[in-house]
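Structure first, then comments.
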Number of protein chains: 2
Amino acid sequence: MRADARRNRERVLTEARQMMKEDGVDVSLREVARRAEVGIGTLYRHFPTREALIRAALMDGIENLARWAEDSADAEDPGEKLVAWVRSFALGAARYRGLPDHMLSAATDASSNFYRICQTLTAPGEKLLARAQATGEIRADVTVDDLFAAVNAVGWVAQTGDRDRATTLLELVLDGLRTRTA
Amino acid sequence: MRADARRNRERVLTEARQMMKEDGVDVSLREVARRAEVGIGTLYRHFPTREALIRAALMDGIENLARWAEDSADAEDPGEKLVAWVRSFALGAARYRGLPDHMLSAATDASSNFYRICQTLTAPGEKLLARAQATGEIRADVTVDDLFAAVNAVGWVAQTGDRDRATTLLELVLDGLRTRTA
DNA sequence: ACCTGAACACCGTTCAAGT
DNA sequence: ACCTGAACACCGTTCAAGT
């Protein structure tokens, strides 16, 4: 990759990260290019689709979350670890407006640029969930995909309505997730 | 209201209803005007905002749902009635793409054209919820607003991801809503 | 009273022309 | 190899001019 190309890529990414943090993930691509002082064509050359840009911009945070799940998979209290992970996942998804939409849309669409990102999260999440279910703390009939959808729904509520409603929904979901102790 | 004005209003409404059923609530207003064979300015005259149009287009269905809640409020099994109502609410919200977004956004924004519609639903919903809580079947610390957010979240999942995930989320929420029998 | 559509300020996306 | 921006086909919204 040529030096100027690499520089342009980085400029776009920097600007995109900042703008997405403030105005959400569906910012104007034109505006991103403008602020990065780059032609709109250049933006498209490096990131052929909006999802590719989001992916590149948020990769780090997502990989952190994935690592967290991996590290927690071998703990002796997987149930509590899962709950903690779900909490911070929901919080992270809520931080970028519009992100839950892209996440959940991509989860079922293998052709999406975002599909891999979803899997980055669901793969370690699945292990953690399985371990938590094995201890009998978590309902056995829930899949990672169910969990993924639920977490994004909480994030959606947090950014569409108000935060209090989102935390209530999260509690309801976590409550529903736990097995009843007869 | 002049006869031609009334006719134009009706034409717009008819077209809007059909298009929204197919393509969701965020259809192009220009396109609605086009199909209704009406100037774009005429559409804006009758419906100064998109939310006003959605409101007029979906009023009937929403009032039906509200009536249902009212009629159920005096039943002897309010807990079951509430669950049934929540189910059909979630189903209704899922039928129009983008509707949950507008619903939840408007719920906390009294200046919105949609606010009254939300209240049309939450007012009778609140009564039903209170009665269900009085019997001890439903958690006492949940408000109508929490319920409203949760239901719309289920609708959101139904149209963003797939239906199976939405029904699972609904079951988790309903499960969380029930009080634990020790 | 009401209708119309041009006008304005934006988009996303592509692609010929340039270096 | 890469960059640029004009070009195309769309939006939402307003408002002067018409009947």
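Throughout, a chain's letter reflects where its sequence line sits, starting with A, and its residues are numbered from 1. Since this is a predicted model, take the numbers as computed values, not measurements.
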By side-chain contact (heavy atoms from CB on, under 4.5 Å) - contacts of B:Tyr44 (at least two apart)
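In terms of side-chain contact (heavy atoms from CB on, under 4.5 Å), with neighbours along the sequence ignored, B:Tyr44 is linked to B:Leu29, B:Ile40.
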Residues in contact with DNA chain C, drawn from residues 6-18 of chain A - heavy-atom cutoff 4.0 Å:
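Residues of residues 6-18 of chain A that come under 4.0 Å of DNA chain C do not exist, since none gets that close.
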Tell me whether B:Arg95 at atom CZ has more than 12 heavy atoms from other residues, nucleotides or ligands lying less than 6.0 Å away.
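No, CZ of B:Arg95 has 12 or fewer neighbouring heavy atoms, counting only those of other groups under 6.0 Å.
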Please list all pairs passing the salt bridge (Lys or Arg N to Asp or Glu O under 4.0 Å) test where one or both residues lie in residues 62-74 of chain A, with sequence neighbours left out.
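Output for this query is empty, none listed.
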Residue pairs involving residues 83-93 of chain B (criterion salt bridge (Lys or Arg N to Asp or Glu O under 4.0 Å); sequence neighbours excluded):
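Output for this query lists B:Arg87-B:Glu171.
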Determine, step by step, whether B:Glu51 and B:Thr49 satisfy the side chain to side chain donor-acceptor pair (under 3.5 Å) criterion, reporting the C-alpha distance in whole Å, the side-chain angles of both residues, the deciding distance to 0.1 Å, and the verdict.
CA-CA 5 Å; B:Glu51 242 121 31; B:Thr49 167; 4.7 Å; no
To the nearest 0.5 angstrom, please state how far the CG atom of A:Asp164 sits from the CG atom of A:Leu169.
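Rounded to the nearest 0.5 Å, the CG-CG separation comes out at 12.5 Å.
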Point-to-point distance, once rounded to the nearest 0.5 Å, from NE2 of B:His102 to OG1 of A:Thr160:
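The OG1 atom of A:Thr160 is 10.5 Å from NE2 of B:His102, to the nearest 0.5 Å.
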Checking B:Thr122 side chain against B:Val144 main chain: does a donor-acceptor pair fall under 3.5 Å?
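No; judged by distance alone, with no hydrogens or angles, the pair does not exist.
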Pick base, sugar-phosphate or nothing for A:Thr42, based on heavy-atom distances below 4.0 Å to the nucleic acid.
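The answer is base, as A:Thr42 lies within the cut-off (heavy atoms under 4.0 Å) of a base atom.
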5′-ward residue of the pair A:Glu31/A:Gly41 relative to DNA chain C:
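Result: A:Glu31.
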Say we look at C:dA9 and D:dA9: how far apart would their C1' atoms be, to the nearest angstrom?
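Comparing C1' positions in C:dA9 and D:dA9 gives a spacing of 16 Å.
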Contact boundaries on DNA chain D for chain A, cut-off under 4.0 Å to non-hydrogen atoms:
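Extent of the interface on DNA chain D: D:dA1 to D:dA7.
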Of all the base pairs, Watson-Crick or G-U under 3.5 Å, which form stems of three or more consecutive pairs involving DNA chain D?
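Paired runs of 3+ in DNA chain D: C:4-8 with D:12-16, C:12-16 with D:4-8.
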Salt-bridge contact B:Arg165-B:Asp162 (side-chain N to carboxylate O under 4.0 Å):
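Salt bridge flag = yes for B:Asp162 with B:Arg165.
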Note: B:Glu31-B:Arg34 ion pair, threshold 4.0 Å (strictly below):
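Yes, charged N to carboxylate O under 4.0 Å.
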Would you mind telling me which residue lines up with the more 5' stretch of DNA chain D, B:Ile40 or A:Leu43, judged by nearest nucleotide?
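Its nearest nucleotide being more 5', the pick is A:Leu43.
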